[in-house]
Amino acid sequence: MRRKDREIKDAKMIKDIIDKADIMHIGFNDEDVPYIVPVNFGYTYDDRLVLYFHSAKEGKKIELIKKDPHVFIEIDVDGGIKDSDDGMACSVTDHYK
């Protein structure tokens, strides 16, 4: 992470963020092309975070994860674009956790 001052490592804060989320995006390696799927999910967080996502027992997600178990996830909450006060066209930012 480039901005170490924004990195969240506290387990309670991570749980609070995940609890607010409805959708998780999972990215798979599909040869030379990424394949990203939005899914419903659940989790447990005891000693480590374990994610569970909705899936059939067969299909593209299962085929891809069997070929390459390296995946990525993306969960975000509290998002929204904020315009800058300086009036510049490109002076906007996105707030999220």
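Only this structure's heavy atoms are used, side chains among them; waters, hydrogens and symmetry mates stay out. This chain uses plain numbering: 1 for the first residue, then up along the sequence.
Counting only heavy atoms from C-beta outward, the side chains of Ile14 and Tyr45 approach each other to under 4.5 Å. Side-chain contact between Phe53 and Lys61 is present, with heavy atoms from C-beta onward closer than 4.5 Å. Contact of the His25 side chain with the Asp76 side chain is not registered, since no non-hydrogen atoms from C-beta on lie closer than 4.5 Å. Side-chain contact between Ile26 and Phe72 is absent, with no heavy-atom pair separated by less than 4.5 Å. At a threshold of 4.5 Å between non-hydrogen side-chain atoms, the residues Phe41 and Ile18 count as touching. In this structure, Lys67 and Glu31 have side chains that are in contact, with non-hydrogen atoms separated by less than 4.5 Å.
The hydrophobic clustering, which links ILVMFWY residues whose side-chain heavy atoms are closer than 4.5 Å, places Ile36 and Ile23 apart. In the hydrophobic clustering of this structure, Ile65 groups with Leu49; members are Ile, Leu, Val, Met, Phe, Trp, Tyr whose side-chain heavy atoms approach within less than 4.5 Å, directly or through other members. Following chains of ILVMFWY side-chain contacts shorter than 4.5 Å, one can reach Met24 starting from Tyr35, so the two form part of one hydrophobic cluster.
Around CG of Asp32, the count of heavy atoms belonging to other residues, nucleotides or ligands within 6.0 Å does not exceed 12. When the shell of 6.0 Å around CG of Asp47 is examined, it contains 12 or fewer heavy atoms from other residues, nucleotides or ligands.
Here OG1 of Thr44 is found 9.5 Å from NZ of Lys15. Values are rounded to the nearest 0.5 Å.
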Criterion side-chain contact (heavy atoms from CB on, under 4.5 Å) on Ile8 and Ile17, from CA distance to verdict: CA-CA 10 Å; Ile8 299 172; Ile17 291 169; 3.5 Å; yes
Candidate pair Phe28 and Asp68, rule side-chain contact (heavy atoms from CB on, under 4.5 Å), full reasoning: CA-CA 8 Å; Phe28 301 88; Asp68 185 348; over 6 Å; no
Stepwise side-chain contact (heavy atoms from CB on, under 4.5 Å) check, Ile73 with Leu51: CA-CA 10 Å; Ile73 65 154; Leu51 295 163; 3.2 Å; yes
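Panel note: side chain Asp10, backbone Met13; a donor-acceptor pair is recorded below 3.5 Å.
With hydrogens and angles left out, the side-chain atoms of Tyr43 and Asp19 include a donor and acceptor closer than 3.5 Å.
Under a 4.0 Å N-O distance rule, the pair Lys12/Asp16 qualifies as a salt bridge.
With sequence neighbours excluded, the residues satisfying side chain to side chain contact (heavy atoms under 4.5 Å, CB included) with Ile62 are Ser55, Lys66.
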